[in-house]
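The structure under discussion appears below in the form of structure tokens.
Letters go in sequence order (proteins before strands), and every chain restarts at 1. Since this is a predicted model, take the numbers as computed values, not measurements.
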2 protein chains.
Amino acid sequence: MDVKTLCLGVLSRDDASGYEIKKAFEDGPFSCFHQASFGSIYPALNALSAEGLVSVREQAQDKRPDKKIYSITPKGQTALVASLMTEPAPDVMRSDFLFILSFAQYLPPPRIARLIDERIVWYRTMVDRMEESSRVDSPAGATFVRGMGIAVYRAAADYLESHRAQLIAEIGDAPLLVAE
Amino acid sequence: MDVKTLCLGVLSRDDASGYEIKKAFEDGPFSCFHQASFGSIYPALNALSAEGLVSVREQAQDKRPDKKIYSITPKGQTALVASLMTEPAPDVMRSDFLFILSFAQYLPPPRIARLIDERIVWYRTMVDRMEESSRVDSPAGATFVRGMGIAVYRAAADYLESHRAQLIAEIGDAPLLVAE
DNA sequence: GGTTGCATGTAAATGGTTACATGATTGT
DNA sequence: ACAATCATGTAACCATTTACATGCAACC
């Protein structure tokens, strides 16, 4: 699933500028499971435009730079659905946090405690944010995915909260390998 | 966290060949949150060797190609711990599955049903595998991380099972945009 | 007879990200 | 005075994946 398809997906929900598409991957509904930078979004948008999968209209703004607002075309809708019909690539997860935690016994307990505490806060914040956005009415798919995000992040936070103390106690008994 | 650190982490648990390290990222305890291919592992191992962070011994095998078994050195242990003390990069998740599901209303319900069913099986299989490996005694960090994996994957599978029917029903009412 | 597993390695291609360039406005 | 937000875009850089190269043994 390349950046072009990702942009098409965002645009299928609503017209947007490149800048706004970026936000959808930063804070928005896609931030949890896909990401893209300006360096990939702007070229993708130009390519989509050249292929006739999106249309552009320039919008002047006062006190703000001009915007290019992109809309998905019928051809673009078809292309999006075709991409959605291909077999999804396997999920990819990259977590330095879990990698570090899996060697907790080599590290100072206060560091482990801090990492876990920060992570709990992060998960709770994400759950709150998702619950808030679930108050506005969304398409069935988006609602389903958001609900799954809430369930999974809540399970993660709950686990960290309920097992934190035991891990800290266990690694507290072992000798340190590094100064704090 | 680059591939060199990842290899150092695997080797801190036990001596291994490049081939065996690959397996740790494919099926093993790290497969859920980091991955690496041969094309990155073998060069990383050579670099680590040149830096004195690992040592190598060649092992002849009958009916199998020769192996190069790598061991972490004291210097390597120090380097690993130093890496583990740096701030972890933010987690990255890339899921075509969730991206596709968030546009479920554009797609044929049987496809959505199949995708969800396959995913449930996958999560349950992973949970079973992790639970099995939790019967052998592991360091505190690894046990903690494995437990979190089980909790999170179980929550994901439970959510998919309990909300599957409702999603299928909701998208079944809308007109199809593509032939099955 | 074809696939999978074992085992190491290289080179090319890829698909990004990071950093840079530019500039007004608003908030601290 | 400095950082952040809005807004678009390019080019250099990067790490990794993919594909290739090689070959034997076991299994179906």
Contact class for B:Gly18 vs. all strands (heavy atom < 4.0 Å): base, sugar-phosphate, or nothing?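 The residue B:Gly18 makes sugar-phosphate contact but no base contact.
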Quick one: is [N] close enough that its OP1 or OP2 comes under 4.0 Å of any side-chain N or O from [X]?
| X | N | answer |
| --- | --- | --- |
| B:Lys4 | D:dA15 | no |
| B:Lys68 | C:dG9 | yes |
| B:Gln61 | C:dC6 | no |
| A:Ser40 | C:dT17 | yes |

Counting side-chain heavy atoms from CB outward, which of D:dT8, C:dA7, C:dG16 is closest to A:Lys67?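 It is D:dT8.
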Measure up the B:His34 and A:Phe99 rings against each other and bin them: parallel (under 30°), tilted (30 to 60°), perpendicular (over 60°).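 Perpendicular: the ring planes of B:His34 and A:Phe99 meet at over 60°.
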Using modelled atom types and a 3.5 Å cut-off, is there a donor and acceptor pairing between side-chain atoms of A:Tyr159 and backbone atoms of B:Phe144?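 Judged by distance alone, yes, a pair lies under 3.5 Å.
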Take atom CG of B:Asp27 and atom P of C:dC6, then tell me their distance rounded to the nearest Å.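 B:Asp27 atom CG is separated from C:dC6 atom P by 9 Å.
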Could you tell me how far apart B:Glu26 (CD) and D:dT17 (C1') are, to the nearest whole angstrom?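 These atoms are roughly 13 Å apart.
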When you look at CD of A:Gln166, are more than 12 heavy atoms from neighbouring residues, nucleotides or ligands closer to it than 6.0 Å?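 For A:Gln166, atom CD is not crowded (no more than 12 foreign heavy atoms under 6.0 Å).
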Pair B:Tyr19 and B:Phe38, ring centroids less than 6.0 Å apart: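 Close enough - the centres of the two rings lie under 6.0 Å apart.
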Using the closest heavy atom to pick a nucleotide of DNA chain C for each, name whichever of B:Asp66 or B:Arg94 lands nearer the 5' end.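 Going by which nucleotide is closer to the 5' end, it is B:Asp66.
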